[in-house]
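Following: one structure in structure tokens, then a few remarks.
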Protein chains: 2
Amino acid sequence: MLTIGTLAKKTGTKVQTIRYYEQVGLMPEPGRTEGGQRRYGDTELDRLAFIRHARQLGFGLDAIRELLDLSDHPDRPCEEADAIARRQLRQVEQRMARLEALKTELERMIHECSGGRTADCQVLTVLRDHSECLTEHDEIGA
Amino acid sequence: MLTIGTLAKKTGTKVQTIRYYEQVGLMPEPGRTEGGQRRYGDTELDRLAFIRHARQLGFGLDAIRELLDLSDHPDRPCEEADAIARRQLRQVEQRMARLEALKTELERMIHECSGGRTADCQVLTVLRDHSECLTEHDEIGA
DNA sequence: CTTGAACCTCCAGTAGCTAGAGGATGTAAG
DNA sequence: CTTACATCCTCTAGCTACTGGAGGTTCAAG
């Protein structure tokens with residue numbers, strides 16, 4: 001039987017985060033000691049490791065919920081899990097494309113800044129006037 | 001004199017967002033009509049455009065506050081603005097590197113999934129067992 | 001039995017908005 | 001001048017995914 005602290009250490013999760021996962025229904029309500037402290041078994045350890053790993057891969061909690069659900073039903077076709085992963089991949093690719101555009105623009109701003117007074121600073125000039133931009137970029141809401 | 005709605009349209013910002021910027025001190029408190037409605041001039045329009053553009057480039061509100069401050073002092077050396085932009089560029093590069101690792105991992109997961117039952121799904125297997133991973137990836141907190 | 005680390009619940013805060021309730025204002029048409 | 005109605009106002013709450021702290025209890029070792 002594992003305490004919440006041990007579980008936290010084993011999975012690299014904060015204690016509060018585990019309680020949060022319980023609160024939002026990602027982790028089950030575990031057994032308790034007479035005094036009311038949580039005690040976990042290996043099932044929960046595996047589940048938490050799964051969640052953490054999926055988080056590291058950038059999956060959102062909702063996607064993880066779906067993945068866990070699929071994982072609990074071994075006989076269902078795995079197309080859904082595949083679809084979730086593909087969706088995630090698309091998101092990653094989109095984010096990368098956006099970041100690529102931002103990177104270009106930032107590099108140009110910095111490169112052209114000659115290092116004088118702020119009045120002539122290219123960084124600030126570009127920000128003042130969008131038409132100075134060479135690329136389209138839409139980071140907001142990324 | 002522009003209403004908040006007009007300002008919103010011209011800059012592609014939601015009305016609430018403009019009020020939010022005022023609340024957090026990015027936008028000044030504008031003049032008001034007798035009835036209490038906000039009225040803006042071109043100064044505010046420029047300032048909001050600057051903010052929005054910086055947001056599109058991924059700058060955080062704190063960085064934007066600094067940039068606006070620098071922009072208000074034309075005689076200061078522009079090294080600070082340059083430094084902020086370089087910091088932002090580094091962040092973008094780091095995020096891209098992380099996303100690259102995630103992309104690789106996701107592609108591998110998807111590629112190896114043969115499309116049978118979820119019991120044999122490679123997507124779920126990888127998530128279950130981190131040691132299956134070829135790359136290090138740390139998206140959490142990105 | 002005592003000590004101290006680890007546990008408990010509950011509340012608040014982070015970034016950057018966004019949505020909605022419930023009511024006031026501004027403007028153009030009739 | 002009145003009426004209609006789009007737009008404005010403030011205020012509160014919600015979103016993601018946690019994180020931190022206050023104030024108090026429990027567990028395990030010595």
Side-chain angles (χ1 to χ4, degrees), chain A residues 1-27 29-40 44 48 50-68 87-88 91 95 98 138-142, chain B residues 1-27 29-40 44 48 50-68 87-88 91 95 98 138-142:
Chain A
M1 285 300 158
L2 308 164
T3 64
I4 196 169
T6 313
L7 197 66
K9 243 167 243 157
K10 289 201 182 216
T11 56
T13 315
K14 300 246 160 111
V15 167
Q16 282 101 322
T17 304
I18 299 175
R19 290 199 278 249
Y20 170 74
Y21 286 158
E22 182 183 327
Q23 199 184 305
V24 298
L26 273 181
M27 287 292 287
E29 292 186 19
R32 302 267 187 157
T33 62
E34 283 195 20
Q37 298 194 357
R38 291 168 179 81
R39 287 301 121 98
Y40 295 93
E44 286 98 330
L48 183 54
F50 184 104
I51 294 171
R52 286 272 100 188
H53 192 193
R55 284 294 296 131
Q56 284 172 353
L57 286 167
F59 289 95
L61 297 193
D62 282 343
I64 294 174
R65 230 181 295 271
E66 292 182 66
L67 289 167
L68 281 166
R87 204 169 63 204
Q88 178 63 17
Q91 272 178 30
R95 276 199 265 170
R98 260 193 308 255
D138 262 51
E139 154 79 0
I140 293 176
Chain B
M1 287 298 158
L2 309 164
T3 65
I4 196 170
T6 313
L7 198 65
K9 243 168 245 158
K10 288 200 182 215
T11 57
T13 315
K14 300 247 160 110
V15 166
Q16 283 101 319
T17 304
I18 300 175
R19 290 198 278 249
Y20 170 74
Y21 287 158
E22 183 183 327
Q23 199 184 304
V24 298
L26 273 181
M27 288 291 286
E29 291 186 20
R32 302 268 187 156
T33 61
E34 282 194 19
Q37 298 195 356
R38 291 167 178 82
R39 286 302 122 96
Y40 296 93
E44 285 99 331
L48 183 55
F50 184 106
I51 294 171
R52 285 273 102 187
H53 191 193
R55 286 293 296 132
Q56 283 173 351
L57 285 166
F59 289 94
L61 296 193
D62 283 343
I64 294 174
R65 232 181 293 272
E66 294 182 65
L67 290 167
L68 281 166
R87 206 170 61 205
Q88 177 63 18
Q91 273 178 30
R95 275 199 268 171
R98 259 194 309 256
D138 262 52
E139 153 80 359
I140 293 175

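Below, chains carry the letters A, B, ... as their sequence lines are ordered, and counting in each starts from 1. These figures come from a predicted structure and were not determined experimentally.
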TODO: Compare side-chain N and O positions of A/R38 against OP1 and OP2 of C/dC8 and report whether any pair is under 4.0 Å apart.
DONE: yes
Task: Phosphate OP1/OP2 of D/dC8 contacted by B/T33 side-chain N/O (<4.0 Å) - done: no
- [ ] Taking only the side-chain nitrogens and oxygens of B/R39, find out if one of them lies under 4.0 Å from OP1 or OP2 of D/dC9.
- [x] no
TODO: State whether A/K14 places a side-chain N or O below 4.0 Å from either non-bridging phosphate oxygen (OP1 or OP2) of D/dA17.
DONE: no
Task: B/R65 vs C/dG16: side-chain N/O to OP1/OP2 distance below 4.0 Å - done: no
Task: Atom-to-atom span, CG of B/L2 to P of C/dG26 - whole angstrom - done: 16 Å
Task: A/G5 or B/G60, whichever maps to the more 5' nucleotide of DNA chain C - done: A/G5
Task: For atom NZ of A/K10 and atom P of C/dA6, their distance in whole Å - done: 16 Å
TODO: Report the distance from atom CZ of A/R19 to atom C1' of D/dA17, rounded to the nearest whole Å.
DONE: 16 Å
- [ ] In plain terms, say whether B/R38 and B/E44 are close enough for a salt bridge, that is, a side-chain N and a carboxylate O under 4.0 Å apart.
- [x] no
Task: From B/L57, B/T17, B/I64, residue fulfilling side chain to side chain contact (heavy atoms under 4.5 Å, CB included) relative to B/R52 - done: B/T17
- [ ] Would you kindly give the CD-to-P distance between A/E22 and D/dA17, to the nearest whole Å?
- [x] 18 Å
Open item on the list: Please report the distance, rounded to the nearest Å, between CG in A/L57 and P in D/dA17.
Closed with: 14 Å
TODO: Rounded to the nearest angstrom, tell me the gap between atom CG in A/D62 and atom C1' in D/dA17.
DONE: 11 Å
TODO: Name the residue closer to the 5' end of DNA chain D, choosing between A/L61 and B/G36 according to the nucleotide with the nearest heavy atom.
DONE: B/G36
Open item on the list: If you compare every side-chain N and O of B/Y21 against the phosphate oxygens of C/dC17 (OP1, OP2), does one of them come in below 4.0 Å?
Closed with: yes
TODO: Check whether any side-chain nitrogen or oxygen of A/T17 sits under 4.0 Å from OP1 or OP2 of D/dT19, and answer yes or no.
DONE: yes
Task: Phosphate OP1/OP2 of D/dC18: any A/R55 side-chain N/O under 4.0 Å - done: yes
Task: Side chain proximity check, B/L61 to B/Y21, heavy atoms < 4.5 angstrom - done: yes
Open item on the list: Can you see if the side chain of B/R32 gets near the phosphate of C/dT25 - specifically, an N or O under 4.0 Å from OP1 or OP2?
Closed with: no
Open item on the list: So A/T6 and A/Y40, do their side chains get closer than 4.5 Å, heavy atoms only?
Closed with: no
Task: Stepwise side chain to side chain contact (heavy atoms under 4.5 Å, CB included) test for A/R39 and A/T3 - done: CA-CA 5 Å; A/R39 287 301 121 98; A/T3 64; 3.7 Å; yes
Open item on the list: Ignoring hydrogens, what is the shortest heavy-atom contact between B/I18 and B/I4? Give both atom names and the distance.
Closed with: CD1-O, 3.8 Å
TODO: Please report, rounded to the nearest Å, how far the P atom of D/dG24 is from the CD atom of A/Q37.
DONE: 18 Å
Open item on the list: Measure CG/A/L26 against P/D/dC18 and give the value in whole Å, please.
Closed with: 9 Å
TODO: For B/T3 and for B/Q16, find the nucleotide of DNA chain D with the closest heavy atom, then tell me which residue's nucleotide is more 5'.
DONE: B/T3
Task: Selection from D/dC9, C/dG16, D/dT19 that lies nearest to any side-chain heavy atom of B/Y20 - done: C/dG16
